[in-house]
Protein chains: 2
Amino acid sequence: MRIGQFAQRAGVTPRTVRYYESLGLLGPNEREGGGFRYYTEVELARLQKINVLKGLGLSLDEIAVVIPLYFEDSTGLRGKRKVLEILNAHLQETEEKLESLNQFRSDLKTNIDRIQQWIDEHA
Amino acid sequence: MRIGQFAQRAGVTPRTVRYYESLGLLGPNEREGGGFRYYTEVELARLQKINVLKGLGLSLDEIAVVIPLYFEDSTGLRGKRKVLEILNAHLQETEEKLESLNQFRSDLKTNIDRIQQWIDEHA
DNA sequence: TCTATCCTTAACGTAAACGTCAGATTTGAG
DNA sequence: CTCAAATCTGACGTTTACGTTAAGGATAGA
C-alpha cells in the first residue's frame with residue numbers, strides 16, 4: 001500500500017506520514033521502483049498507536065520515546081532500565097491527570113445541575 | 001499585589017498574565033496611579049484555576065468559555081442554555097478522555113511489569 | 001501511447017502560547 | 001531627591017504539528 005491509502009486508513013494526511021518519518025516515528029521503508037513509500041499492516045498498526053497516544057496528550061517527542069516499546073524489542077539491560085524510568089514517570093503523570101480529570105468532571109456536573117435547576121425554576 | 005508577584009505566585013510569567021488579559025481570561029483591572037496592574041487573591045484563584053484547566057489539555061479558547069462559570073454569574077436564559085450545551089459537550093469529552101487514560105495507564109503497567117520481569121529474570 | 005492520478009522533495013505559511021528584546025515610565029528604598 | 005528595580009506598550013522571534021503550493025517524476029487504465 002502506498003502513502004495515500006496508508007494515510008487515509010489511519011485518518012491522517014500523507015504530509016503527516018512524511019513528517020512522522022522525518023521525526024523517526026515511522027521507519028524509512030522500502031522504496032521500490034520509482035522511489036515510492038510502500039507500507040504494510042504492521043506499519044498501519046504503529047501509526048494508529050501513535051494516534052491513540054496523541055489523543056492522550058503525549059507530544060510527538062514523547063511518543064518517539066514510548067512507541068518503540070510496542071513494536072521493537074529493545075535489547076540490553078541498561079536500555080530496559082531507562083525505559084522503565086520513563087514509563088514510571090508517565091504512569092505518575094497519568095495518575096495525576098486522572099485525578100484532576102475526575103475533579104473536573106465533578107465540577108462540570110455540579111455546574112450543569114446548577115444551571116439546569118435555574119432554567120427549570122425560571123421556565 | 002502587582003504583576004510580578006502575582007505571576008510568580010501562580011507559577012507563570014508577567015508576559016503570560018498580560019497575554020491572558022488580552023484574551024479576556026483575566027479582567028483588565030484597576031490601573032491606579034501610573035498605569036500598573038494590581039491584583040487580589042480573587043484574581044489569583046482565577047489564574048490558578050486556569051492553570052489547572054490547562055493541565056487537563058483545554059486550550060485557552062476553551063478555557064475562556066468555561067472559566068466565567070467559576071467566577072461570574074452569566075445572565076439570561078439563552079446564555080444559560082448555550083453554556084449548558086458547551087458544558088455537556090465537555091463532559092462527554094472528559095469521560096472519553098478518562099476512559100482512554102485508564103486504558104493508557106493499564107497499558108503502561110503491563111509494559112512496566114513485563115520489563116521488570118525481564119530484568120528480574122536476567123539479573 | 002496518452003492522460004489522469006498519485007507520488008516525490010523543497011520550501012514557505014499557519015495557529016497557539018508564549019519568550020524576548022527595546023525604549024519609555026513609575027515606584028520605592030536610601 | 002536619586003537611582004536601581006519593576007512595569008508599561010509595542011513588536012518581532014520561537015516551537016509544535018502540521019497545511020499548502022510549486023515543479024516535477026511514476027503508474028495504471030483506456
Side-chain angles (χ1 to χ4, degrees), chain A residues 1-40 43-44 46-68 86 90 93 97 100, chain B residues 1-40 43-44 46-68 86 90 93 97 100:
Chain A
M1 147 178 56
R2 294 192 308 206
I3 198 170
Q5 190 186 352
F6 178 63
Q8 192 186 344
R9 286 185 61 186
V12 302
T13 69
R15 159 75 217 208
T16 299
V17 172
R18 297 196 192 98
Y19 180 55
Y20 287 179
E21 180 183 320
S22 81
L23 295 183
L25 294 183
L26 294 172
N29 312 319
E30 299 299 321
R31 297 293 199 91
E32 307 175 26
F36 285 13
R37 294 170 177 81
Y38 288 90
Y39 299 92
T40 72
E43 299 279 339
L44 183 60
R46 186 179 179 118
L47 180 48
Q48 283 163 343
K49 194 79 193 177
I50 291 173
N51 280 335
V52 169
L53 296 179
K54 263 196 40 178
L56 295 177
L58 298 207
S59 73
L60 295 185
D61 280 4
E62 291 176 312
I63 293 174
V65 172
V66 178
I67 195 78
I86 297 172
H90 270 291
E93 264 183 53
K97 264 192 183 178
S100 292
Chain B
M1 145 178 58
R2 295 192 309 207
I3 198 170
Q5 189 185 352
F6 179 61
Q8 190 185 345
R9 286 185 61 186
V12 301
T13 69
R15 160 74 218 210
T16 299
V17 172
R18 296 195 194 98
Y19 180 56
Y20 287 179
E21 180 183 321
S22 81
L23 295 182
L25 295 183
L26 295 171
N29 313 319
E30 298 299 322
R31 299 291 201 91
E32 307 174 25
F36 284 11
R37 293 168 178 82
Y38 289 89
Y39 299 92
T40 71
E43 299 280 339
L44 183 59
R46 187 178 179 117
L47 180 49
Q48 282 163 343
K49 194 79 194 176
I50 292 173
N51 281 334
V52 169
L53 296 179
K54 263 196 40 179
L56 296 176
L58 297 209
S59 73
L60 296 183
D61 280 4
E62 290 176 313
I63 293 174
V65 172
V66 178
I67 196 78
I86 296 172
H90 270 291
E93 263 182 56
K97 265 192 182 176
S100 292

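Letters go in sequence order (proteins before strands), and every chain restarts at 1. Since this is a predicted model, take the numbers as computed values, not measurements.
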Revision key, fill the gap. A/Arg9 and A/Gln48 have their tightest heavy-atom pair at O-NE2, 3.9 Å
Review point. When the distance from CD of B/Gln8 to P of D/dT7 is rounded to whole Å, what number comes out?
Key: 10 Å
Point to revise | Minimum heavy-atom distance B/Ala10-B/Leu44, with the two atoms named | key: CB-CD1, 4.0 Å
Study note, to complete from the structure: Atom CG of A/Leu60 and atom C1' of D/dC18 are separated, to the nearest Å, by 9 Å
Review point. Of all the choices, D/dC8, C/dC18, D/dT20, which nucleotide is nearest to the side chain of B/Ile3 once you look at every atom?
Key: D/dC8
Revision key, fill the gap. Separation between CZ (B/Arg2) and OH (B/Tyr38), nearest 0.5 Å, reads 5.0 Å
Point to revise | Which residue lies more 5' along DNA chain D, comparing B/Arg15 with B/Gly4 via nearest heavy atoms | key: B/Gly4
Practice item. Indicate the atoms forming the closest heavy-atom contact of B/Ile63 with B/Ile50, along with that distance. Key: CD1-O, 3.8 Å
Exercise for review: Send over the distance from A/Glu21 CD to C/dA10 P, rounded to a whole Å.
Suggested key: 12 Å
Practice item. Classify the nucleic acid contact of B/Arg37 as base, sugar-phosphate or nothing, counting any heavy atom under 4.0 Å across all strands shown. Key: sugar-phosphate
Exercise for review: By nearest nucleotide on DNA chain D, pick out whichever of A/Phe36 and B/Arg18 is the more 5' one.
Suggested key: B/Arg18
Practice item. Give the minimum heavy-atom separation between A/Phe6 and A/Leu26, together with the two atoms involved. Key: CE2-CD1, 4.3 Å
Check your understanding: For the pair made of OH in A/Tyr39 and C1' in C/dC7, what is the distance, rounded to whole Å?
Key -> 11 Å
Exercise for review: Would you indicate, yes or no, if C/dG19 has its OP1 or OP2 atom less than 4.0 angstrom from a side-chain nitrogen or oxygen of B/Tyr19?
Suggested key: no
Review point. Over how many whole Å does the gap from A/Gln5 atom CD to D/dA28 atom C1' extend?
Key: 15 Å
Point to revise | Earlier contact from the 5' end, DNA chain C, for B/Asp61 and B/Gly35 | key: B/Asp61
**Study point:** Interatomic distance, B/Ile63 CD1 vs C/dA16 P [rounded to whole Å]
**Key:** 14 Å
Point to revise | Atom-pair distance (CG on A/Leu58; P on D/dA17), nearest Å | key: 11 Å
Exercise for review: Please determine if a side-chain N or O atom of B/Tyr20 lies less than 4.0 Å away from the OP1 or OP2 oxygen of C/dC18.
Suggested key: yes
Review point. What is the distance from CG of B/Asn51 to P of C/dA17, rounded to the nearest Å?
Key: 13 Å
Review point. If only side-chain N and O atoms of B/Thr13 are considered, is one of them under 4.0 Å from the OP1 or OP2 phosphate oxygen of C/dG19?
Key: yes
Exercise for review: With the side chain of B/Thr16 defined as its heavy atoms from C-beta on, choose the nearest nucleotide among C/dC18, D/dG19, C/dC7.
Suggested key: C/dC18
Practice item. Assign B/Tyr38 to base, sugar-phosphate, or nothing according to its heavy-atom contacts below 4.0 angstrom with the strands shown. Key: nothing
Exercise for review: May I ask you to evaluate whether A/Lys54 reaches the phosphate of D/dC18, defined as a side-chain N or O under 4.0 Å from OP1 or OP2?
Suggested key: yes
